[in-house]
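Below is one structure, written out as structure tokens; comments come after it.
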There are 2 protein chains.
Amino acid sequence: MLKVDHDMKVKFLHGFSHKTRIQILECIKEEEKTVSQIVEDIQGNQSNISQHLACLKGCGIIVGRQEGKYVYYGLRNQQVRELLTMFDVVLEDVESDVATCENHIE
Amino acid sequence: MLKVDHDMKVKFLHGFSHKTRIQILECIKEEEKTVSQIVEDIQGNQSNISQHLACLKGCGIIVGRQEGKYVYYGLRNQQVRELLTMFDVVLEDVESDVATCENHIE
DNA sequence: CACACATATTAGGTATTGCTAATATGATAG
DNA sequence: CTATCATATTAGCAATACCTAATATGTGTG
């Protein structure tokens, strides 16, 4: 069994738990993009996207790299890319069932 | 590219985004358990755990099965188990960096 | 059927998260 | 060094998620 800090795990996974963040990840899955490209691609507002990017970065999911006046964001590494792919694979299977159920925790 | 419903994906991933839910998943990763076993294992309160179980079930991550007066919860399938394992693998790598960063979205 | 035990649900308050709008920082070009 | 463009940060409000305590449902047993 691997030793992974529990709080860190929670923090990491928290990164995947919001619609906008998933959109961002899908959007930069194949190639890094600048903030403004992302904003345009997913039709978001700059401040909001910037906050979510900070969140994703803080969670260790993406990395940013400044180039001139642009900042390029991309997935942290190949493993994260594989994880995103795996989400889709697992979901293929789960899909039919989840559709029918409405409850979040409340 | 796989076709996965976006909202469903968000919903599914939401399941992994809370400390207690991660604990539950770790707790039932290898073998299914009853609610009361889970409550005891992670030192939670019955109502709260029950709500998180409903959430995980609604997200398609776990399944429940009634047996007599007990309900056994276990991971939905082997793929979900692999996903959990993969979290740990990816985290091994990310770990050093995330530790230093504090920001959630706020 | 009444009781005990396991689990689920509800209600309501509290805390967290996320949004928008405004402003600040930081980089390049002229 | 000023103006402009890209991005980040902040503040305050709105929405959502979460927790606890109470109650309900459901299942087996005497």
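If you're wondering where the values come from, they're calculated on a predicted model, not measured in any experiment. Note that these values count all heavy atoms, side chains included, but never hydrogens, waters or copies made by symmetry. Numbered from 1 within each chain, the chains take letters A, B, ... in sequence-line order.
- Using a 4.0 Å cut-off between charged side-chain N and carboxylate O, B:E26 and A:K9 make a salt bridge.
- Contact annotation: A:S36 reaches the phosphate of D:dT7 (side-chain N/O to OP1 or OP2, under 4.0 Å).
- Comparing C:dT7, D:dT7, D:dC19 by their nearest atom to the side chain of B:H18 picks out D:dC19.
- Among the atoms of the strands shown, none is found under 4.0 Å from any heavy atom of A:Y72.
- Remark: C1' of D:dA6 and CD1 of A:I38 are 12 Å apart, rounded to the nearest angstrom.
- Evaluation of the side chain to side chain donor-acceptor pair (under 3.5 Å) rule for B:T20 yields no partner, not counting sequence neighbours.
- Sequence neighbours left out, not one pair with a member in residues 57-79 of chain A passes ring-ring contact (aromatic ring centres under 6.0 Å, His included).
- Residue A:Y73 places at least one side-chain N or O closer than 4.0 Å to OP1 or OP2 of D:dA8.
- Nearest nucleotide to the side chain of B:N48, out of D:dA6, D:dC18, D:dC19: D:dC19.
- Distance, B:Y70 OH to C:dA4 P: 16 Å, rounded to whole Å.
- If you take CZ of B:R65 and P of C:dA6, they are 17 Å apart, rounded to a whole angstrom.
- Summarising the geometry, the separation between CZ on A:R21 and C1' on C:dC19 is reported as 13 Å, rounded to the nearest angstrom.
- Of the listed nucleotides (C:dT7, D:dA8, D:dT20), C:dT7 has the atom at the smallest distance from the side chain of B:V71.
- Rounded to a whole Å, the CD1 atom of B:I42 is 14 Å from the C1' atom of D:dC19.
- Remark: B:E32 engages B:R65 in a side chain to side chain donor-acceptor pair (under 3.5 Å) (not counting sequence neighbours).
- The interatomic distance linking A:I49 (CD1) with D:dA6 (C1') rounds to 14 Å, in whole Å.
- For the pair B:L56 CG and D:dC18 P, the interatomic distance rounds to 11 Å; values are reported in whole Å.
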Starting at the 5' end of nucleotides 22-30 of chain C, put B wherever the base has a protein heavy atom under 4.0 Å, S where only the sugar-phosphate does, and a dash everywhere else.
B----SS--

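- The CG-P distance, from A:L53 to D:dA6, rounds to 16 Å in whole Å.
- The salt bridge (Lys or Arg N to Asp or Glu O under 4.0 Å) test applied to B:K69 returns no partner, not counting sequence neighbours.
- Looking at B:S50, its side chain never comes within 3.5 Å of a backbone N or O of B:S47 through a donor-acceptor pair.
- Below the 3.5 angstrom threshold, one finds no donor paired with an acceptor across the side chain of A:Q51 and the base of D:dT7.
- Contacts of A:S50 with the nucleic acid, taken as non-hydrogen atoms under 4.0 Å apart, include base atoms.
- Proximity note for A:H52 (side chain, C-beta onward) versus D:dT7, C:dC19, C:dT20: the nearest is C:dC19.
- Among residues at least two apart or in separate chains, salt bridge (charged side-chain N to carboxylate O under 4.0 Å, His left out) pairs with a member in residues 34-51 of chain B are B:K33-B:D41.
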